[in-house]
Amino acid sequence: MQTSIIVLAQQLPLLKSCLASIELFTESPYELIVINDGGDKEISSYLAFSKRARSFATNQPAGVAAGYNLGASLAGGEHLIFMRDHMMVSEDWLSSLNGCARRHPGAAMVGPVSNDVSGPQRLPVQCSEMEQLDHIAKSFALSKAGQAKTATRLLSHLLLVRHRAFDELGGFDERFEMECYEDDDLCYRALQAGYSLHIALDCFVRYIQPPPLFPDDPNWYNTRLSLNREKARQKWGFDITSALYEMKRKATVSLCMIVKNEEATLKRCLDSVACLVDEIIIVDTGSTDLTKEIALRYTDKVADFTWVDDFSKARNYAFSLATQDYLLWMDADDIFLPADAEKFTRLTAALDWDTDAVSMNYNLAFDEHGNLTSSLTRNRLVKRENGFRWHGVVHEYLEVSGKVHRSDISITHGRMHGNSSRNLNIYENRYAAGEIFSSRDLYYFANELREHKQWLKAISFYEMFLQQVDSWVEDRINACGSLSDCFRELGNIQDAKAKALQAFSYDLPRAESCCRLGSLYMLENDFSKAIFWYKLASGLTKPADSYSILQHACWSWLPHLQLCVCYDRIGQYERACAHNEKAAEYIPNDSKVLANRAYFTGLGVAVQSYILGGSNQ
């Protein structure tokens, strides 16, 4: 396959550097076409000595669109590389662009990343010397090998375009004359024609700020930018640059799951999600029941994975089998409720092109009345081409970056398994083998120990975790709460209070910590102090976006129900009754609320006899 490199020459000093970099870093086969824009005599004389380049001169400055179109009309390559003379290429640049085009056959255009340019191709790096170019390019070629990302806007400073697509689209629109908006216009037409655009992340080229084309008119560029913006608006009826950045698309989705012995839950899960996705990938890690048979009713993409006590490896393997735009992960005991399924359908029908991940609520538990009691936020839907990976052998997490869309969609967890020792055994075996645990491993090992009522050992590992300097602040806060609970189970109320208070050293008070302290003081019948902490909890605002687990009761009805008890114990029945009614606003049919109401009625306390507000609570 031959590639045609078309260079628009306007400044001789820049052209020399540009062509030298092409000669140094470009492997054959390729043809080199140089358009001498305006027929500069010095450029013509220089090009006369070139053995590689075919050069063509225009009588008058033609500009980017016309100059590129002229070069394309002379080119015979399957891929066209349009390039301004103020660009310098790096090692393997052409193979990176061509490789990206081959891996994405639906792409009309591919662009590199570069310094000092606008939009998604920009990298915030300094690159003023050749040595810097070489270092940056090599680092990206190694760390981003084969990686690309979709885009809606590519710049014409250096651009690969499939020759077939270029002809189909009609080339650059020459109404834009010297420069500005010819690239946005071509990108918009390509997307409207059903093509995709990609950025080859392993291709870095250096942008050099060119001198002004018309030094006698310092405002020339800004004037041209304004004129061409208006020309584009007249052509399309709107600002196409804004339209490109705001463009949405129908996103295809691969559901990726790992399962083992999930015959009791898998059908319920897949029934809730099958109609929402374009592909279902199920990786079985050793089922001995009917799990695989159930999975095969929904997809033929059921794969086996030998279990190696590592959840991340299994999940990453499932991700590697997917082929669609985005990857959705779920566990077999997760479901989409109908309202959330509708939200998911609307989301994927019109997703921003530059969305790298979508976070969703994860509803973990409900009370007997269906009220949500525990939830957190997880990154659930991720762009496949970004290559995001799972980390951690147990309690694994998905590391994402870029633009994360915070959705109001919820996935509901409906646990149907008992409290297994599997995770604890994995941790204990790895620790016994001498593995150095990360901060995260220490935290989740301590959690497993606590859930298995190994209070003293859990305390030891929580304390080790809190000594680490690289731990997440939310885990630190939760560790303090768990330590408090462990000490409480051991009957050590003073240390339990101390650990609950330690959580405040990491962030502002959380309702969970305040309620924990209130309950500890209630154990000591110190109701005045319990009232202080429950009142504080009742006045806090629940976070709208938290990746930590939220205990919703602590942020709503629980402080009021406990204040009802505390005020009753000190004989302030009106206040007690008022807080019971406040709790009733959240859980009106709860048996405790109804029993309290009957109790206060028996005492002759009128429901509206005390109004909560301000310091009078």
Side-chain angles (χ1 to χ4, degrees), residues 364 373-378 391-392 395 397 399 427 436-451 453-524 526-556 558-560 562-563 566 615 617:
L364 299 172
T373 59
S374 179
S375 71
L376 61 124
T377 301
R378 302 294 297 269
H391 301 273
H395 295 291
Y397 68 96
E399 186 174 16
Y427 277 130
I436 304 299
F437 275 16
S438 67
S439 296
R440 199 170 188 277
D441 288 330
L442 290 172
Y443 173 68
Y444 280 103
F445 187 18
N447 284 347
E448 292 292 335
L449 291 165
R450 175 180 54 82
E451 290 178 8
K453 303 184 187 303
Q454 298 185 36
W455 312 119
L456 290 174
K457 196 172 180 180
I459 288 171
S460 175
F461 278 91
Y462 280 128
E463 294 288 11
M464 280 194 286
F465 163 75
L466 289 174
Q467 296 302 313
Q468 309 303 306
V469 297
D470 61 342
S471 54
W472 185 34
V473 65
E474 296 296 338
D475 287 345
R476 287 176 171 265
I477 292 169
N478 289 334
C480 290
S482 295
L483 271 168
S484 176
D485 294 343
C486 290
F487 280 118
R488 177 173 177 161
E489 291 292 340
L490 294 171
N492 188 339
I493 302 302
Q494 295 307 309
D495 281 345
K497 289 188 289 188
K499 289 303 175 183
L501 285 167
Q502 187 177 335
F504 299 158
S505 67
Y506 301 116
D507 201 358
L508 296 174
R510 306 289 176 85
E512 292 89 350
S513 297
C514 294
C515 288
R516 182 174 282 110
L517 282 162
S519 69
L520 291 169
Y521 280 107
M522 285 184 72
L523 285 175
E524 298 178 320
D526 192 340
F527 297 109
S528 62
K529 291 186 178 68
I531 287 170
F532 172 85
W533 290 110
Y534 283 123
K535 284 176 64 176
L536 181 57
S538 70
L540 297 175
T541 300
K542 183 167 63 176
D545 185 8
S546 175
Y547 280 80
S548 180
I549 294 179
L550 289 177
Q551 302 298 335
H552 293 268
C554 296
W555 297 90
S556 56
L558 181 61
H560 294 288
Q562 296 299 82
L563 283 167
C566 291
S615 60
Q617 290 187 39

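- The backbone N or O of Lys453 lies less than 3.5 Å from no partner atom in the side chain of Glu489, so there is not a single donor-acceptor pair.
- Between the side chains of Arg450 and Tyr462, a donor-acceptor pair is found at a separation under 3.5 Å.
- Rounded to the nearest 0.5 Å, atoms CG (Leu456) and CG (Leu490) are 5.0 Å apart.
- Between Tyr521 and Ala530, the shortest heavy-atom contact is CB-N, 3.8 Å.
- For the pair Tyr443 (side chain) and Leu466 (backbone), a donor-acceptor distance under 3.5 Å is absent.
- Taking the side chain as every heavy atom from C-beta outward, Ser548 and Asn478 approach each other to under 4.5 Å.
- With rounding to the nearest 0.5 angstrom, the OG atom of Ser519 is 7.5 Å from the CD atom of Gln562.
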Q) What do the steps show when you test Lys499 against Glu463 for side-chain contact (heavy atoms from CB on, under 4.5 Å), and what is the final call? A) CA-CA 10 Å; Lys499 289 303 175 183; Glu463 294 288 11; 3.0 Å; yes
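- Residues Arg510 and Gln551 are not in side-chain contact: their nearest non-hydrogen atoms beyond the backbone lie 4.5 Å or more apart.
- Not counting sequence neighbours, the partners of Leu523 by the side-chain contact (heavy atoms from CB on, under 4.5 Å) test are Arg488, Ile493, Leu520.
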Q: Kindly determine whether Glu524 and Lys497 satisfy side-chain contact (heavy atoms from CB on, under 4.5 Å), including the steps that lead there.
A: CA-CA 11 Å; Glu524 298 178 320; Lys497 289 188 289 188; 2.9 Å; yes
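- Of all heavy-atom pairs spanning Pro559 and Ala537, the tightest one is CG-CB, 3.9 Å.
- A side-chain donor-acceptor contact under 3.5 Å links Gln468 to the backbone of Met464.
- For Ser513 (side chain) and Pro509 (main-chain N/O), no donor-acceptor pair under 3.5 Å exists by modelled atom type.
- With respect to Glu448 and Lys457, no salt bridge is recorded, no charged nitrogen being found less than 4.0 Å from a carboxylate O.
- Put simply, the side chain of Trp555 reaches to within 4.5 Å of the side chain of Pro543, judged on heavy atoms.
- Using a distance-only test at 3.5 Å, with no hydrogens or angles considered, no donor-acceptor pair links the side chain of Ser482 to the main chain of Ala479.
- Considering Phe532, Tyr534, Phe504 as possible partners of Leu517, the one that fulfils the side-chain contact (heavy atoms from CB on, under 4.5 Å) test is Phe504.
- You'll find the side chain of Ile477 stays beyond 4.5 Å of the side chain of Cys480, heavy atoms only.
- In terms of heavy-atom proximity, Phe461 sits nearest to Ala446 at CB-CB, 3.8 Å.
- In this structure, the separation between CG on Asn447 and CG on Leu442 is 11.0 Å, given to the nearest 0.5 Å.
- Side-chain N or O atoms of Arg440 include one that pairs as donor or acceptor with a backbone N or O of His395 at under 3.5 Å.
- To the nearest 0.5 Å, atom CE of residue Met522 and atom CD1 of residue Ile531 are 9.0 Å apart.
- The minimum heavy-atom distance linking Cys486 with Trp455 is given by the pair SG-CE3, 3.9 Å.
- Taking every heavy atom of both residues into account, Ile549 and Glu512 meet most closely at O-OE2, 4.0 Å.
- Proximity of the aromatic rings of Trp472 and Tyr444 is defined here by a centroid distance below 6.0 angstrom, and this criterion is not met.
- Contacts of Gln467 classified as side-chain contact (heavy atoms from CB on, under 4.5 Å), with partners at least two apart in sequence or in another chain: none.
- Paired with Arg476 under the rule side chain to side chain donor-acceptor pair (under 3.5 Å), one option of Ser439, Ser471, Ser505 passes, and it is Ser471.
- Contacts of Phe437 classified as ring pair (Phe, Tyr, Trp, His ring centres under 6.0 Å), with partners at least two apart in sequence or in another chain: Tyr427, Tyr431, Phe445.
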